[in-house]
Amino acid sequence: MSREPFDREALLDLSVNIIPLGILVFFSGLYIFANPWGFDPVFSTLQFSIMGLILIALLVLTYISGKAVERDERRYGEDEH
(Lines give C-alpha, C1' and ligand atoms only; values in the text may rest on other atoms or scores of the structure.)
Protein backbone atom coordinates (compact mmCIF):
# COMPACT_ATOMS: atom_id res chain seq x y z
CA MET A 1 0.00 0.00 0.00
CA SER A 2 1.53 3.34 -1.02
CA ARG A 3 1.07 6.13 1.45
CA GLU A 4 1.65 9.82 1.06
CA PRO A 5 4.57 11.04 3.17
CA PHE A 6 2.35 13.42 5.14
CA ASP A 7 -1.42 13.39 5.48
CA ARG A 8 -3.64 16.47 5.37
CA GLU A 9 -3.51 17.12 9.12
CA ALA A 10 0.29 16.89 9.20
CA LEU A 11 0.53 19.32 6.28
CA LEU A 12 -1.72 21.70 8.16
CA ASP A 13 0.62 21.48 11.15
CA LEU A 14 3.61 22.03 8.86
CA SER A 15 2.08 25.06 7.15
CA VAL A 16 3.82 27.12 9.83
CA ASN A 17 7.06 26.24 7.99
CA ILE A 18 5.71 25.85 4.46
CA ILE A 19 4.48 29.44 4.22
CA PRO A 20 7.92 30.96 5.03
CA LEU A 21 9.47 28.53 2.54
CA GLY A 22 7.19 29.90 -0.15
CA ILE A 23 8.09 33.46 0.80
CA LEU A 24 11.81 32.66 0.65
CA VAL A 25 11.48 30.99 -2.74
CA PHE A 26 9.44 33.92 -4.09
CA PHE A 27 11.91 36.58 -2.99
CA SER A 28 14.91 34.52 -4.05
CA GLY A 29 13.43 34.22 -7.53
CA LEU A 30 12.54 37.90 -7.54
CA TYR A 31 16.08 38.96 -6.65
CA ILE A 32 17.62 36.49 -9.10
CA PHE A 33 15.51 37.50 -12.09
CA ALA A 34 14.54 41.12 -11.44
CA ASN A 35 17.75 42.15 -9.65
CA PRO A 36 16.51 45.65 -8.68
CA TRP A 37 19.81 46.91 -7.20
CA GLY A 38 22.22 45.33 -9.62
CA PHE A 39 24.76 42.62 -8.91
CA ASP A 40 27.71 43.20 -6.60
CA PRO A 41 29.92 40.10 -6.32
CA VAL A 42 30.50 40.41 -2.57
CA PHE A 43 27.12 41.54 -1.31
CA SER A 44 25.00 39.54 -3.75
CA THR A 45 26.95 36.37 -2.99
CA LEU A 46 26.54 37.01 0.72
CA GLN A 47 22.82 37.72 0.29
CA PHE A 48 22.15 34.57 -1.73
CA SER A 49 24.29 32.47 0.61
CA ILE A 50 22.31 33.59 3.64
CA MET A 51 18.97 33.07 1.88
CA GLY A 52 20.09 29.66 0.59
CA LEU A 53 21.29 28.47 3.99
CA ILE A 54 18.06 29.59 5.63
CA LEU A 55 16.05 27.85 2.89
CA ILE A 56 17.97 24.58 3.30
CA ALA A 57 17.78 24.72 7.11
CA LEU A 58 14.04 25.38 7.00
CA LEU A 59 13.53 22.51 4.53
CA VAL A 60 15.39 20.11 6.81
CA LEU A 61 13.55 21.38 9.89
CA THR A 62 10.19 21.02 8.13
CA TYR A 63 10.96 17.46 7.06
CA ILE A 64 12.12 16.43 10.54
CA SER A 65 9.07 18.10 12.10
CA GLY A 66 6.77 16.32 9.67
CA LYS A 67 8.28 12.96 10.50
CA ALA A 68 7.89 13.67 14.23
CA VAL A 69 4.24 14.73 13.78
CA GLU A 70 3.48 11.58 11.76
CA ARG A 71 5.22 9.35 14.33
CA ASP A 72 3.34 10.92 17.23
CA GLU A 73 0.01 10.72 15.40
CA ARG A 74 0.57 7.01 14.83
CA ARG A 75 1.73 6.43 18.39
CA TYR A 76 -0.87 8.46 20.26
CA GLY A 77 -3.67 8.44 17.69
CA GLU A 78 -4.25 4.71 18.15
CA ASP A 79 -4.71 5.13 21.90
CA GLU A 80 -7.67 7.50 21.44
CA HIS A 81 -9.77 5.02 19.45
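Sequential numbering from 1 along the given sequence is applied to the chain's residues.
- Side-chain heavy atoms closer than 4.5 Å link hydrophobic residues (I, L, V, M, F, W, Y) into clusters, and following such links, possibly through other members, connects Y31 to F33.
- Residues V16 and Y63 are members of separate hydrophobic clusters, defined by side-chain heavy-atom contacts under 4.5 angstrom among Ile, Leu, Val, Met, Phe, Trp and Tyr.
- Linking Ile, Leu, Val, Met, Phe, Trp and Tyr residues whenever their side-chain heavy atoms come within less than 4.5 Å places W37 and F26 in a single cluster.
- The hydrophobic cluster containing L21 does not contain V60, counting ILVMFWY residues as joined when their side-chain heavy atoms lie under 4.5 angstrom apart, directly or transitively.
- Note on L58 and I64: separate hydrophobic clusters, where clusters join Ile, Leu, Val, Met, Phe, Trp and Tyr whose side-chain heavy atoms are under 4.5 Å apart, directly or indirectly.
- Considering only heavy atoms from C-beta on, L55 stays 4.5 Å or farther from S28 through its side chain.
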Enumerate, atom names and distances included, each donor-acceptor pair closer than 3.5 Å involving a side-chain atom of residues 42-50, sequence neighbours excluded.
unit_1: S44; atom_1: OG; unit_2: D40; atom_2: N; d: 3.1
unit_1: S44; atom_1: OG; unit_2: D40; atom_2: O; d: 3.1
unit_1: T45; atom_1: OG1; unit_2: P41; atom_2: O; d: 2.5
unit_1: S49; atom_1: OG; unit_2: T45; atom_2: O; d: 2.7

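- Nearest heavy atom pair, residue T62 against residue L14, reads O-CD2, 3.7 Å.
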